[in-house]
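Accompanying notes for the structure given below.
Computation of the quantities below employed the complete heavy-atom set of this structure, encompassing side-chain atoms and omitting hydrogens, waters and symmetry-equivalent molecules. In this chain, residues are counted from 1 in sequence order.
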Amino acid sequence: YQCNNLVDVSFEKLTTLTVTNCFESCSQLKNVHMPSVKSIPYKTFAGCSDLENISLKSAEQIDGWAFKSVHSYSMVLDIPNVTHIEENAFDDCFLMLLDAPSLVSAKSFPKGNGTSIVLSSKFQECTFNAKGYNSFGDVVAIAPDRVQSGMSQAITINSPLFLRTV
């Protein structure tokens, strides 16, 4: 928490983060490698504005405010096993790409202008957050899972799950 000189974090075999906000406001944190962690608790990376590379390959859930105020326009968040994203997990968060091919339910998405999101046909539930906003905010593209040629194949979603198309 508030470790201003922390740049890299690597926990190869750690499966559980038990402390909420453990990296909150670590303003210089750039690289996170926690491939075995199953859940990202409340405010884990809140305020980590310099995040660039993050490996959370085993994570299955992202809790509220986990990425609050992360403004990393170059960050690609590859979360292949996350099935649920809780309310406000990406509050005031900007990133380039969210790749979530196993996602089933989300109450929050990054709201940065220019964010692209990769979902699959498994996705079933997009809900309002506590402020009454659609979970997708200002997302500019939603692509079918594992688009091979970049985001040029972005699609418009015509589903009652979404209140506006992108």
### Message
For a 4.5 angstrom cut-off between non-hydrogen side-chain atoms, does N31 reach V9?
### Response
no

Between [X] and [Y], which heavy-atom pair has the shortest distance, and what is it?
{"X": "C26", "Y": "C3", "result": "SG-N, 3.4 Å"}
{"X": "S74", "Y": "E52", "result": "OG-CG, 4.4 Å"}
{"X": "D8", "Y": "L29", "result": "N-CD1, 4.1 Å"}
{"X": "V82", "Y": "H84", "result": "CG1-O, 3.5 Å"}
{"X": "I54", "Y": "M75", "result": "CG2-SD, 3.9 Å"}

Counting only pairs under 3.5 Å, give me each side-chain donor-acceptor contact of residues 38-46, with atom names and distances, residues two or more places apart or in other chains.
from, atom 1, to, atom 2, distance (Å)
T44, OG1, P41, O, 2.6

### Message
Could you go through L103 and I85, starting from their C-alpha distance and side-chain angles, then the distance that decides it, and tell me whether this counts as side chain to side chain contact (heavy atoms under 4.5 Å, CB included)?
### Response
CA-CA 8 Å; L103 193 63; I85 297 174; 3.7 Å; yes

May I ask you to decide if [Y]'s main-chain N or O and [X]'s side chain share a donor-acceptor pair within less than 3.5 Å?
{"X": "T83", "Y": "S102", "result": "no"}
{"X": "S36", "Y": "E12", "result": "yes"}
{"X": "T15", "Y": "V37", "result": "no"}
{"X": "H71", "Y": "D92", "result": "yes"}

### Query
What residues form a ring-ring contact (aromatic ring centres under 6.0 Å, His included) with H33, not counting sequence neighbours?
none

Looking at residues at least two apart in the chain, or sitting in another chain, which of them share a side chain to side chain donor-acceptor pair (under 3.5 Å) with [X]?
{"X": "S55", "answer": "none"}
{"X": "D50", "answer": "none"}
{"X": "N81", "answer": "none"}

Same apolar cluster: [X] and [Y], side chain cutoff 4.5 Å:
{"X": "F11", "Y": "L17", "answer": "yes"}
{"X": "V32", "Y": "L6", "answer": "yes"}
{"X": "V7", "Y": "M34", "answer": "no"}

In residues 58-68, what donor-acceptor pairs under 3.5 Å come from side-chain atoms, sequence neighbours left out?
from, atom 1, to, atom 2, distance (Å)
S58, OG, P35, O, 2.6
Q61, NE2, D63, OD1, 2.7
K68, NZ, D91, OD2, 3.1

With rounding to the nearest 0.5 angstrom, report the [atom1] to [atom2] distance, [X] to [Y].
{"X": "L95", "Y": "F109", "atom1": "CG", "atom2": "CZ", "result": "11.5 Å"}
{"X": "F90", "Y": "S108", "atom1": "CZ", "atom2": "OG", "result": "6.5 Å"}
{"X": "S69", "Y": "E24", "atom1": "OG", "atom2": "CD", "result": "9.0 Å"}
{"X": "F94", "Y": "S49", "atom1": "CZ", "atom2": "OG", "result": "12.0 Å"}

#### Entry: Test side chain to side chain contact (heavy atoms under 4.5 Å, CB included) applied to K30 and N53, step by step
CA-CA 6 Å; K30 291 189 182 305; N53 303 302; over 6 Å; no

